Amino acid sequence: MSLVLYNTLKRAKEPFTPLRPDHVGMYVCGPTVYDLAHIGNARPVIVFDVLYRLLKRRYPRVTYVRNITDVDDKINAAAKANNEPIAALTKRTTDQFHADIAALNALPPDVEPRATEHIGEMIALIQILIERNHAYVAGRRRGLHVLFSVESDPAYGKLSNRSRDEMIAGARVEVAPYKKDPADFVLWKPSSPDLPGWDSPWGRGRPGWHIECSAMSKKHLGQTIDIHGGGVDLVFPHHENEVAQSECAHGQTFARYWVHNGFLTVNGEKMSKSLGNFITIRDALKLAPGEVIRAFMLGTHYRQPIDWTEEALKRARARLDRWYRALARATPAAPGAGEIEHNWEREFLLALDDDLNTPHALSVLDEQASCVLGAGSADATRFAATLRANAYLLGLLTKDAGQWFRQGAANDGLGESEIERLIAERNDARQRKDFAEADRIRKQLSDQGVVLEDKAGATTWRRTG
RNA sequence: GGCCCGGUGGCAGAGUGGCCAUGCAGCGGACUGCAAAUCCGCGUACGUCGGUUCGAUUCCGGCCCGGGCCUCCA
């Protein structure tokens with residue numbers, strides 16, 4: 001039983017073996033902090049969080065690095081538009097990002113490097129590339145650019161599987177005059193006084209987009225990393241350029257396994273501000289608890305496209321509700337605690353080992369929940385512990401079941417004491433056999449999203465989404 | 001134009017050369033004062049045309065349709 005991952009570099013699934021048997025290094029491209037993170041950003045966060053948890057389970061030590069890009073032209077533009085200092089914007093956005101993904105139960109990475117704190121490392125890397133004739137300095141009037149020479153790298157294009165000629169033929173961008181070759185990309189560019197800049201051998205300037213990941217992964221994980229992750233849209237040019245920079249500078253493999261998550265659409269359309277279907281994580285959390293969003297994301301394999309709809313969200317919630325009902329059936333256990341039954345663990349982990357087949361893993365949890373719901377109380381408790389322990393690996397079922405069903409609607413809906421009062425009133429009516437009144441109260445509550453269940457001795461309630 | 005993914009039952013979504021995915025929704029039944037929850041039962045799904053095979057949804061090829069990337073993007 002071992003982990004298999006789809007490697008974009010090979011376009012095939014491969015058994016995963018870390019370079020060092022006891023220590024896995026993983027680098028994932030993090031956000032550019034210029035605006036609130038959207039649900040598309042949430043996908044890689046959740047996918048790689050699950051991979052991180054699985055790796056931690058499998059290996060003694062895992063170092064997960066996810067950067068914060070805090071120098072970028074989009075940031076400059078947003079700060080200007082907001083009339084806000086850049087540092088204030090990036091700080092605020094970073095804090096929001098942290099809060100948002102914490103609500104999605106994502107574990108913090110081991111290292112979260114910021115680009116602005118690694119300018120020295122970037123400059124050093126660029127110097128190596130110049131020394132090795134893989135980069136050149138160009139331009140004059142407005143300052144000096146440093147460009148990567150794509151022609152100097154015969155392996156260029158191996159990740160995205162395209163030749164240099166194809167790229168030039170397909171390029172729809174105007175070629176900057178200082179480029180020796182249309183395919184060359186910027187490592188360093190000059191900054192005007194009103195833009196962020198750092199002193200460098202090429203004058204005051206700022207880094208190009210791609211160099212930060214090469215520099216930061218080198219610093220925190222070494223010249224060769226085991227896993228590099230991100231969204232598919234980053235394969236070209238971002239990841240391709242990272243490979244070029246790092247491998248030309250160091251003469252060794254940059255990343256051994258490239259893992260890319262598929263795109264998220266909203267109601268079948270690409271999410272964009274102009275279409276008006278731009279959903280921030282913050283907005284999504286108003287529609288559903290973080291665990292529901294997480295279950296939604298994990299219900300589709302990470303490499304498949306996923307479509308965000310209210311319908312899908314409802315389904316994810318219904319599924320979690322059922323699991324929580326199973327937990328409620330059993331004696332409460334602490335989140336993450338519990339003995340894992342061997343067969344269930346096997347089947348569950350087997351699914352995850354197969355290129356993170358979370359939909360399959362969730363179906364195993366479905367079956368475990370059925371098992372709990374159908375079992376007698378002693379077995380139910382045992383099975384529930386397994387269910388909870390398995391789910392915990394996915395960052396799900398981390399709440400107490402009672403708490404789960406009572407959450408939400410706290411502000412605008414009925415308060416708990418009000419609900420309890422109505423239930424008592426209804427039970428009085430039932431005692432009197434005044435079922436018309438009892439049903440009226442049931443209806444009143446259900447209209448406000450509270451469902452009652454009459455059990456043997458008592459009436460319990462829960463909120464529905 | 002180039003590169004890369006997909007097309008599975010009402011919906012979502014795994015998977016497999018011959019046998020169960022799973023969940024939701026639907027239908028019938030049990031249970032319930034009514035419900036809810038739960039349990040039992042039901043529905044003959046794999047875009048299309050060929051090929052390989054004893055047998056293909058699964059392998060190969062053509063075609064049709066959809067999506068992504070090639071420019072900032074998770």
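Order of the sequence lines sets the chain letters (A, B, ...), proteins ahead of strands, with each chain counted from 1. What's counted below: heavy atoms across the whole structure, side chains too, no hydrogens, waters or symmetry copies. From a predicted model like this one, the values you see are computed outputs, not experimental measurements.
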Problem set entry | Sugar-phosphate, base or nothing in reach of A:Arg462, heavy atoms under 4.0 Å | sugar-phosphate

Problem set entry | nucleotides 22-32 of chain B: protein proximity per nucleotide (B base, S sugar-phosphate only, - neither; heavy atom, under 4.0 Å) | SBS--------

Exercise. Using the C1' atom in both, what is the distance from B:C19 to B:C60, to the nearest Å?
Worked result: 25 Å

Problem set entry | Euclidean distance for C1', B:U38 against B:U52 (whole angstrom) | 49 Å

Problem set entry | Whichever of A:Arg442 and A:Gly230 has its nearest RNA chain B nucleotide further upstream toward 5' | A:Arg442

For this session: Before accepting this row, confirm whether a basic side-chain N of the pair A:Lys314/A:Glu310 lies closer than 4.0 Å to the acidic partner's carboxylate O.
Result: no

Exercise. Hey, are A:Arg426 and A:Asp439 close enough for a salt bridge, meaning a charged N less than 4.0 Å from a carboxylate O?
Worked result: no

Exercise. What is the nucleic acid contact for A:Val232, judged by heavy atoms within less than 4.0 Å: base, sugar-phosphate only, or nothing?
Worked result: nothing

For this session: Any chance you could measure A:Leu55, atom CG, to A:Met26, atom CE, to the nearest 0.5 Å?
Result: 6.0 Å

For this session: Find the distance A:Trp258:CH2 to B:C4:P and express it as a whole number of Å.
Result: 18 Å

Exercise. Within the structure shown, what part of the strands sits under 4.0 Å from A:Lys270 by heavy-atom distance: base, sugar-phosphate, or nothing?
Worked result: base

Exercise. Under 3.5 Å, is there an N or O donor on one side and an acceptor on the other linking the side chain of A:Asn357 and the base of B:G15?
Worked result: no

Problem set entry | B:C19, syn or anti by chi within 90 degrees of zero | anti

For this session: Name the nucleic acid region contacted by A:Arg66, choosing base, sugar-phosphate or nothing; use a 4.0 angstrom heavy-atom cut-off, strictly under.
Result: nothing

Exercise. Once you round to the nearest 0.5 Å, how far does CG of A:Leu313 lie from CH2 of A:Trp308?
Worked result: 4.5 Å

Problem set entry | N-O pairing of A:Asp355 and A:Lys13 below 4.0 Å | no

Problem set entry | Base-pairing mate for B:G6 - Watson-Crick or G-U, with both contacts under 3.5 Å | B:C65

For this session: Send over the distance from A:Glu347 CD to B:G15 P, rounded to a whole Å.
Result: 14 Å

Problem set entry | Who pairs with B:U22 - Watson-Crick or G-U, where each distance is under 3.5 Å | B:A12

Exercise. Among residues 288-301 of chain A, which contact RNA chain B at a heavy-atom distance under 4.0 Å?
Worked result: A:Gly299, A:Thr300, A:His301

Exercise. Is any side-chain nitrogen or oxygen of A:Arg325 closer than 4.0 Å to OP1 or OP2 of B:U38?
Worked result: yes

Exercise. How is A:Leu452 classified with respect to the nucleic acid when contacts are heavy atoms under 4.0 Å: base, sugar-phosphate, or nothing?
Worked result: base

For this session: Would you please confirm or rule out a distance under 4.0 Å between OP1 or OP2 of B:C4 and any side-chain N or O of A:Asn161?
Result: yes

Exercise. What does B:C59 pair with, Watson-Crick or G-U, if both distances are under 3.5 Å?
Worked result: B:G51

Problem set entry | Taking every non-hydrogen atom, the tightest pair across A:Pro190 and A:Arg206 | O-NH2, 3.8 Å

Problem set entry | Counter-base of B:A35, judged by Watson-Crick or G-U geometry with both distances under 3.5 Å | none

Exercise. Is it true that A:Asp73 and A:Lys80 have a side-chain N and a carboxylate O under 4.0 angstrom from each other?
Worked result: no

For this session: Starting from the C-alpha separation in whole Å, work towards a yes-or-no answer on salt bridge (Lys or Arg N to Asp or Glu O under 4.0 Å) for A:Arg53 and A:Asp49.
Result: CA-CA 6 Å; A:Arg53 288 166 187 258; A:Asp49 180 63; 2.8 Å; yes

Exercise. Any salt bridge between A:Arg430 and A:Glu437, counting N to O under 4.0 Å?
Worked result: no

For this session: Between A:Arg11 and A:Ile39, name the one whose nearest nucleotide on RNA chain B is closer to the 5' end.
Result: A:Arg11

Problem set entry | salt_bridge(A:Glu418, A:Arg421) N-O dist < 4.0 Å | yes

